[in-house]
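Excluded from the calculations below are hydrogen atoms, water molecules and symmetry mates; all remaining heavy atoms, backbone and side chain alike, are included. Quick note on labels: first sequence line is chain A, next is B, and so on, each numbered from 1.
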Amino acid sequence: VAQKRRLGGLRRENDPPLLILVSLADGPKHGHALARDIEAFAAVTLGPGTLYGAITRLEECGLIEPLARDDRRRPYRITAAGSAELARALADMRRIASAGTARLGRLGLDPA
Amino acid sequence: MTSRSRPTPEGPGVPRHGQLLRWYPRAWRERYGEEFLALVEDTLAGDRPGWRLRLAVAWSGLRERGHAARLAGGLAAIPALVRLLRAGRRPKVRRRLVWAVGATVATAAGLAWLTLWSGTSSLTPLSTSPTCVTGLIGTTVALAVALSQWASIARRLDLAPRVRAVERRLGTVVVPVIMVLMGVSVVWYSVLTSSEFWLVWGMVWFAGQSRRAAGELRKGRPG
């Protein structure tokens, strides 16, 4: 509960912490690589302040961890707790997406 | 832009955009400063930071300061209170603790009652209802007592000087402001009900509390 409060929950698909966890699920990355990857898969541009604010919270919550520094850039990787939290958040989104798709289907609309 | 007196990380290649870090708390700068500046340089790719980036970084830094202050204030005070109670210094704070807990419970009960009660009435009679105003005043007094007692207990805790300074400033400002606002509420109520009694009472309260608040603020101003 405290973790969710500090993160504000992983509720929206454009939440910086959620986007970072998704990006790190593909392997460790440093700040700039994270920003570029998130821009590529989510079309969301995270500025340095937003990105590091989210990194700070995620590290405090034990959802990501720092690796040894490569020059001045420090890569981060997702932890087991981070993977579990990401799986939970994605399951929530899938449930909402399924409900929305089914309801739109009943109206004869295709969300795709 | 000139550099302020606040220290920022220095070293080979680091200080290029180092002034951006001044918005962040020292502990954050020490932990994340260098990698953050590396990200800024990668993002800018040789350009100068524009006003949007500066503004965004300033906002993030201030949020980080707010987060650090909340953690320092809230989390430091609870273990310090437990340590004080365990160290056998309970009699020193027992009476204040009873008052603080009692007033906190009364505030919560008052707010819950006001919320439930306001749901059963329409807004027009509510604004002139003596029950509503009595409830509001009672809850405000309970809140002021709770805050002043918790602040008084906090003064007896072994806290880091910075945490103590933040709590002292909050304690100095919040209670007088609540008391002044209570006077404003009473004057507002007297205007709605055309009550001379409440108008006089409210004005006297407002004047007295404003004077007291000004004195408290002068005393509590950091030197």
Side-chain angles (χ1 to χ4, degrees), chain A residues 1-9 14-20 23-24 27-40 42-79, chain B residues 8-75 78-79:
Chain A
V1 172
Q3 189 179 76
K4 270 196 172 167
R5 201 176 298 137
R6 269 189 288 174
L7 276 175
N14 61 346
D15 260 345
L18 179 71
L19 294 173
I20 291 172
S23 179
L24 292 183
K29 291 178 192 70
H30 59 69
H32 190 53
L34 269 170
R36 276 190 321 202
D37 184 43
I38 289 168
E39 206 162 344
V44 173
T45 306
L46 296 182
T50 308
L51 188 71
Y52 260 85
I55 286 176
T56 307
R57 294 292 93 70
L58 286 166
E59 194 188 342
E60 273 175 5
C61 295
L63 302 184
I64 63 171
E65 62 189 4
L67 298 174
R69 201 181 269 179
D70 169 20
D71 189 18
R72 292 170 57 210
R73 291 158 190 82
R74 187 188 295 279
Y76 289 86
R77 76 169 160 218
I78 194 166
T79 62
Chain B
T8 51
E10 288 186 7
V14 176
R16 191 155 172 231
H17 301 300
Q19 75 274 17
L20 289 172
L21 284 177
R22 68 181 169 208
W23 300 103
Y24 286 86
R26 183 192 299 268
W28 194 96
R29 291 200 298 261
E30 282 165 5
R31 166 63 185 84
Y32 296 101
E34 194 166 346
E35 52 192 281
F36 177 79
L37 289 180
L39 170 63
V40 170
E41 283 171 24
D42 287 342
T43 306
L44 292 171
D47 290 342
R48 289 167 63 84
W51 66 269
R52 283 177 70 174
L53 178 80
R54 286 176 190 277
L55 207 63
V57 169
W59 175 243
S60 302
L62 292 175
R63 283 186 66 176
E64 210 54 55
R65 280 183 186 274
H67 181 74
R70 276 199 302 281
L71 279 182
L75 296 184
I78 294 167

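In this structure, chain B has a heavy atom under 4.5 Å from the side chain of A:L51, while its backbone stays farther away. Using a 4.5 Å cut-off between heavy atoms, A:R69 contacts chain B through its side chain alone, with no backbone atom that close. B:W59 does not touch chain A: none of its heavy atoms, backbone or side chain, sits under 4.5 Å away.
Considering all non-hydrogen atoms of both residues, B:E64 and A:G53 come closest at OE1-CA, 4.1 Å. The nearest pair of heavy atoms linking B:A38 to A:R72 is N-NH2, 3.6 Å. B:L39 and A:P48 get closest at one heavy-atom pair: CD2-CA, 3.7 Å.
Of the inter-residue distances, the one linking B:D42 atom CG with A:R73 atom CZ reads 4.0 Å to the nearest 0.5 angstrom. B:R31 CZ to A:R74 CZ: the interatomic distance, rounded to the nearest 0.5 Å, is 5.0 Å.
Residues A:T56 and B:H67 fail the side-chain proximity criterion, which asks for heavy atoms closer than 4.5 Å. The side-chain heavy atoms of A:H32 and B:E35, taken from C-beta on, include no pair separated by under 4.5 Å.
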